[in-house]
Amino acid sequence: MNELKLNIPNLPFSLEHTLDSGQTFRWVQTGQWWEGVIQGGKVKVRQEGDALFCALGEGVKAQSLYDYFRFDDDLERVYSRIMKDSHVAEAVQRYYGLHLINQDVWECLVSFVIATNTNIPRIKLMISRLCERFGKKSAFEGKPFSHFPGPESLAGATQGELASCGLGYRARFVRSVAQKVRSGEVDLEELRFLDYGKARETLIESVLGRKSLLGIGRKAADCVLLFSCSKDESFPIDVWMARVLLRFYPTLFDAETASRLGTRVTNKTGLSGPTYDKISTAMRGYFGGYAGFAQQYLFHDARKSGLE
DNA sequence: TCCCAGGCTCAAC
DNA sequence: GTTGAGCATGGG
């Protein structure tokens with residue numbers, strides 16, 4: 001095996017916390033190694049202190065890993081901005097070195113269409129089936145693996161074929177999103193160059209009263225912008241975050257908003273658009289431009305500790 | 001068997 | 001504008 005040693009330029013960095021935090025769904029841990037597919041190629045990585053040992057598949061450059069893990073980020077600086085209270089402080093301490101990642105926009109978009117109303121283990125299952133069934137095949141270290149299927153192949157699949165990967169009612173949405181991207185109606189690469197507000201409008205906009213991307217709501221859009229477009233002020237609010245906000249930050253909201261957060265948690269009813277926006281804007285006001293980091297630490301901590 | 005899961009669409013009000 | 005049913009599926 002052709003092993004490469006990469007120096008991690010900015011510490012802290014934790015490979016495990018980063019890959020285990022629900023930003024991405026295809027990495028598999030085997031022993032001390034993590035295997036994944038990025039930028040069209042397979043990689044195997046393991047961390048030892050400030051060194052990242054990796055084996056790169058065909059077509060993958062070390063720079064791709066550098067970009068993927070956002071090694072330019074200076075977490076200490078981020079921490080100093082978001083450390084507003086003991087709750088983030090504890091989460092930061094527990095998951096010290098958790099990076100936000102910069103994954104492929106298309107893969108991230110499909111992943112979070114699939115991620116609605118389900119749990120992380122099943123998201124992984126659905127995506128791995130999707131890749132096996134529709135992804136291009138390659139080999140790494142003599143073993144076959146599948147790439148993430150492109151817009152063309154998912155747009156060309158029937159709803160039944162997609163559903164057979166366990167997608168259920170999501171099959172329709174995945175197909176529709178794939179068709180919009182294939183046709184060029186929605187330009188994903190452009191998102192990186194827009195500011196957060198504009199990029200978000202692009203993802204959830206309606207044309208003639210009809211949504212352009214079926215299956216993408218506010219929460220999914222925020223995840224895409226945070227995990228694949230480096231919009232660090234994005235603050236996705238799912239059930240877990242609703243619990244966190246209700247438990248630790250109720251004083252940041254007026255009574256009506258807090259009560260709606262409560263029904264989100266207990267009745268599992270969705271937040272209305274304006275209410276979602278009001279809450280995430282408040283959290284951005286509280287944490288600042290790196291609110292997305294705070295969100296990710298709080299989310300991961302809540303999930304790991306089984307907050308109720 | 002029932003409940004929950006990184007929500008969203010659609011229709012009714 | 002808000003609310004609520006319905007949604008496919010697998011694990012606890």
Tell me whether the OP1 or OP2 atom of [N] has a side-chain N or O from [X] closer than 4.0 Å.
X        : N     : answer
A:Ser272 : C:dT2 : yes
A:Arg122 : B:dG6 : no
A:Arg243 : B:dG6 : no

Less than 3.5 Å between a donor and an acceptor, one on the side chain of A:Gln295 and one on the base of B:dG6, is that the case here?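 Looking at the base of B:dG6, it does pair with a donor or acceptor on the side chain of A:Gln295 (distance under 3.5 Å).
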Base of B:dG7 paired with side chain of A:Tyr169 (donor-acceptor, under 3.5 Å):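 Flag set: donor-acceptor pair detected.
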When all nucleic acid strands are considered with a 4.0 Å heavy-atom cut-off, which category describes [X]: base, sugar-phosphate, or nothing?
X        : value
A:Arg218 : sugar-phosphate
A:Gly22  : base
A:Thr118 : base
A:Ala220 : sugar-phosphate
A:Gln296 : base
A:Lys268 : base
A:Leu214 : sugar-phosphate

Nearest to the A:Leu125 side chain among C:dA8, C:dG10, B:dG7, which nucleotide is it?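 The answer is C:dG10.
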Residue A:Arg260, side-chain atoms from C-beta onward, closest of C:dT3, B:dG6, B:dT9: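 My answer, after comparing the listed nucleotides, is C:dT3.
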Taking the basic N atoms (NZ, or NE/NH1/NH2) and the acidic carboxylate oxygens, is any pair closer than 4.0 Å for A:Glu107 and A:Arg26?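 So A:Glu107 does not pair with A:Arg26 through a salt bridge.
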Please determine whether a side-chain nitrogen of the Lys or Arg among A:Arg200 and A:Asp277 lies less than 4.0 Å from a carboxylate oxygen of the Asp or Glu.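 Salt bridge present between A:Arg200 and A:Asp277.
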Distance between [atom1] atoms of [N] and [M] (Å, rounded):
N     : M      : atom1 : value
C:dC7 : B:dA5  : C1'   : 13 Å
B:dC8 : C:dG11 : C1'   : 22 Å
C:dA8 : B:dA11 : P     : 15 Å
B:dC3 : C:dA5  : P     : 14 Å

Is the ring centre of A:Phe112 under 5.5 Å from the base ring centre of B:dG6, and are the two planes under 30° apart, so that they stack?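 So A:Phe112 does not count as stacking on the base.
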Are A:Ile123 and A:Ile216 joined in one hydrophobic group, where the rule is that I, L, V, M, F, W and Y side chains link up if heavy atoms are under 4.5 Å apart?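 Yes, one cluster joins them.
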I want to confirm an ordering. Mapping A:Pro121 and A:Asn117 to their closest nucleotides on DNA chain C, which one lands closer to the 5' end?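 By nearest-heavy-atom nucleotide position, the 5'-most residue is A:Asn117.
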Tell me whether the centres of the aromatic rings in A:Tyr79 and A:Tyr96 are closer together than 6.0 Å.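 For A:Tyr79 and A:Tyr96, the ring centres are under 6.0 Å apart.
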